[in-house]
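Naming: A, B, ... by sequence-line order, numbering from 1 per chain. Computed over heavy atoms, backbone and side chain alike; hydrogens, waters and symmetry mates excluded.
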Protein chains: 4
Amino acid sequence: MSEFGAAPTDRLRSFVERIERLEEEKSALAADIREVYSEAKGVGFDVKVLRQIVSLRKMDQSDRREQEELLDIYKRALDLA
Amino acid sequence: MSEFGAAPTDRLRSFVERIERLEEEKSALAADIREVYSEAKGVGFDVKVLRQIVSLRKMDQSDRREQEELLDIYKRALDLA
Amino acid sequence: MSEFGAAPTDRLRSFVERIERLEEEKSALAADIREVYSEAKGVGFDVKVLRQIVSLRKMDQSDRREQEELLDIYKRALDLA
Amino acid sequence: MSEFGAAPTDRLRSFVERIERLEEEKSALAADIREVYSEAKGVGFDVKVLRQIVSLRKMDQSDRREQEELLDIYKRALDLA
DNA sequence: GTGGGTTTGTGGCACC
DNA sequence: GGTGCCACAAACCCAC
């Protein structure tokens, strides 16, 4: 069973720890975001709709238009409009 | 057709922008993480294996905790806790 | 370390196996569904929009109206309409 | 504002209905599974622990496979495969 | 462009 | 009754 020498092992450990540290920070931010949604909900905003808004604003405008237009066509075809 | 007044609109915008800012930071961290993997790859480590390592180190904790919890539940169920 | 007697152990095993069997069937159906989407895509339909349609049809009509109306209000407030 | 002709509309409707039928069956199975858990609970088993058991039995396979794959990758990396 | 993996969103569930 | 949690399913993204 081959194995790494001391130097590669140290480098490996270093990479892993850097990643773990960054992922910890990322998790903390995710928690912050959940908290903001929760706060918004607390003053009466609808969280689900809020998420839709954020998602829409993230989309390129022309893509959004296209998507909405396509949905409309499908909806009309199925009498859902 | 109802709509928001000026104050709720401002609050809404504020929430949305706070969320967007946090998500931006989160995305930046995700990019950082990708970069570390890329750097590791650059010195010869296998990214996929590296990801598995990180994942295993993360799992080892939660699995053990789960396991302990499971044991605890059994013990309590049998009045041995 | 306490443990179950023979009868409870059998019952437990029976429950677990029933669940596993049902989950297997559920997975098979999930695969079927993916296949239908794939087939629809193959003849030119947009899968994402298709999913939206299915989702909308699942919603109660009045709920759907409400949701859409609410989204509209938020969109107008943020000049996304 | 474009829209579908009669034939594409029929095809669309057909796809949607096939999906809805399959999803109905899937939901029914999900309900069955919930019912089995409920029944198990009714005779004194702990549902949460039961879920963990099912999950562990499922994981035992995939984890072992993952583990073997990981080993394989290492071996190939070291020209031992 | 396709597949895998990660992440996000939804729904059921228990607790309060 | 509602709120937080957790598990599952869907969407997204990257790498190939």
S.K.: Would you confirm whether A:R57, through its side chain, and C:L78, through its main-chain N or O, come within 3.5 Å as a donor-acceptor pair?
M.R.: no
S.K.: Among residues at least two apart in sequence or on other chains, which ones pass ring-ring contact (aromatic ring centres under 6.0 Å, His included) with C:Y37?
M.R.: none
S.K.: Is there a residue in residues 13-47 of chain C whose heavy atoms reach under 4.0 Å of DNA chain F, and which residues are they?
M.R.: C:K26
S.K.: Is the shortest side-chain N to carboxylate O distance from A:E25 to A:R21 below 4.0 Å?
M.R.: yes
S.K.: Please report the distance, rounded to the nearest Å, between CG in B:L50 and P in F:dA15.
M.R.: 14 Å
S.K.: When the nearest nucleotide of DNA chain F is assigned to A:S55 and to D:S55 on a heavy-atom basis, which residue is associated with the more 5' position?
M.R.: D:S55
S.K.: Could you list all the ring pair (Phe, Tyr, Trp, His ring centres under 6.0 Å) pairs where at least one residue sits in residues 57-79 of chain D, not counting sequence neighbours?
M.R.: none
S.K.: Send over the distance from A:Q52 CD to E:dG9 P, rounded to a whole Å.
M.R.: 10 Å
S.K.: If every non-hydrogen atom of D:R11 is compared with every non-hydrogen atom of C:V43, which pair is closest and at what distance?
M.R.: NE-CG2, 4.5 Å
S.K.: For C:R51 and F:dA11, is the shortest distance between a side-chain N/O and OP1 or OP2 below 4.0 Å?
M.R.: yes
S.K.: Please give, in whole Å, the distance from E:dG4 C1' to D:I73 CD1?
M.R.: 13 Å
S.K.: Looking only at side-chain N and O atoms, does C:K48 come under 4.0 Å of OP1 or OP2 in F:dC12?
M.R.: yes
S.K.: Do C:S27 side-chain atoms and C:E23 backbone N/O form a donor-acceptor pair below 3.5 Å?
M.R.: yes
